[in-house]
Amino acid sequence: MSVVPQRLLPDTASVSGNGMLSIGGCEVEQLATEHGTPLFVYDEVHLRNRASEAVEAFGTDRVIYATKAFLCGAMARLAHDEGLMLDVATGGELYAVRHAGVPGERCVMHGNNKSVDELRFAVEEGVRHIVVDSFDEIDKLEYLHTVGQSTPRVQVRITPGVHVHTHEFVQTGQDDSKFGFNLRNGDAMRAIDRLSKSRAIDLVGIHCHIGSNVFAAENFAKASEVMVDLFNSLDVPELTLGGGLGVAYTSDETAPTITQWANVLKGAASTLRAGSHVFVEPGRSIVASAAITLYQVGTVKHIEGIRTYIAVDGGMSDNPRPVLYGSGYEIFDPKRAHSDRTEVARIVGKHCESGDILINEAAVPPHVAVGDLLATPVTGAYGYSMGTNYNKVPRPAIVFVRDGKSRVVVRRETYADLVRLDS
Ligand SMILES: *Cc1c(COP(=O)(O)O)cnc(C)c1O
């Protein structure tokens, strides 16, 4: 394997003549020395570039960043600054975003099982709209109205399964989902009917989540057409073509750019009734390739005739995606980023699980040794946010880098943090 391609690295990544990787003008070795490892390094310019690419395509307040991909105060403020709205799926995410100072009206509330308390919180904070997911949730919103809460704007989440099968472009199983109202069995129309008659709720639109980590632009075109047809048969002003633009994690993957994806969706939306508004919900495509994770090698174990295990100082607690989804990643030595990766090793973490594997068969440069740094690119989405404290391993720090400066936006957890909730 040759070097990791530039397209998997953050926008401002550069490699000096001696092979040292810098991001945001900061040499990664320096970042590791200053902040320790494991370390999430986010390129702030990259985050802003992707956000503004999406906003340029769809307009301010039309792009709703799915915060579950990566959320901390600095990210919430950055997204808000760049004209993104923020999708929160729990009371906790709403709390974090409000705590960061983002106004409630820039938030959209999602979730398949919102509690009465979460819904009350969302209504009190004046979220832009709530995406209603079940008849039970409609009951809860009507209850809240009877106890004096104001009337929320809502969109209805729809699983357009039957149309998906008709168009033969998304795998089966769309009807069989915990999310949304089923179109084929009539639930979606029953929900729309009930909401449009309710005085407690202001129905403003319909929503669908097209897919997750989708790579082929034409899938968006077909799925969007289905929703556009349904939308045109209804009398509501808003349509959300939510979610799903994939990103490339490895050298052999490619994904559409945000601009290419936007052009497909805009093409599909070109037949919308006049006066309608389209929202989109990118999550990972804003943040995934903005970050790398820096690790330090702790052991290198050659098992003659079997394989080499390289253990780093993190693992499934900072990146659970390989264990959860079997996702692939690349890894390289950021101090010799120009080195061809001519050897193969299994990259494992420090957790007490044989399954704690970051990369099953990684291409690595020759002679990786204890104390070396290793970097996995494209770890900006669903790494920190899905991370855990398994084995009481403190969570890594997160730094944003820009113009030669790094700032800690989430500090590293301490041992004291690990026992903070004990009573
Ligand atoms: C998670 C989610 C997204 C974002 O998905 P990505 O794959 O991260 O782009 C968008 N919309 C909804 C409703 C989601 O739950």
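Every number for a ligand or one of its atoms is a count from 1 in the order of the listing.
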Result of checking Thr33, Val41, Leu21, Val401 against Val28 for side-chain contact (heavy atoms from CB on, under 4.5 Å): Leu21
If you count the atoms of ligand 1 from 1 in the order shown, which ones are under 4.0 Å from a heavy atom of Tyr382? 1 (C), 5 (O), 6 (P), 8 (O)
What's the shortest distance from atom 11 (N) of ligand 1 to any protein heavy atom, and which residue and atom give it? Glu281 OE1, 2.7 Å
Counting each atom of ligand 1 from 1 as listed, which ones have a heavy atom of Arg157 under 4.0 Å away? 13 (C)
Do Arg190 and Asp193 meet the salt-bridge criterion of a basic N to acidic O distance under 4.0 Å? no
So is Arg120 actually on top of Tyr143's ring, under 6.0 Å and inside 45° of the axis? no
Between Arg411 and Asp417, is a salt bridge (Lys or Arg N to Asp or Glu O under 4.0 Å) present by the stated rule, with each step listed? CA-CA 11 Å; Arg411 71 161 168 81; Asp417 289 325; 2.6 Å; yes
State the atoms of ligand 1, each with its element, that fall below the 4.0 Å cut-off from a heavy-atom position in His110. 13 (C)
Numbered atoms and elements of ligand 1 in range of Arg284, under 4.0 angstrom, heavy atoms: 6 (P), 7 (O), 8 (O), 9 (O)
Does Lys68, backbone or side chain, put an N or O under 3.5 Å from an N or O of ligand 1? yes
Give me the residue, atom name and distance of the protein heavy atom closest to atom 9 (O) of ligand 1. Gly283 N, 3.0 Å
Sequence neighbours excluded and cut-off under 3.5 Å, please list the side-chain donor-acceptor pairs for residues 76-87, or say none.
from, atom 1, to, atom 2, distance (Å)
Arg77, NH1, Ala100, O, 3.2
His80, ND1, Arg106, NH1, 2.4
Glu82, OE2, Arg48, NH1, 2.7

My understanding is that only residues two or more places apart in sequence, or in another chain, count here; which of them pass salt bridge (Lys or Arg N to Asp or Glu O under 4.0 Å) with Asp252? none
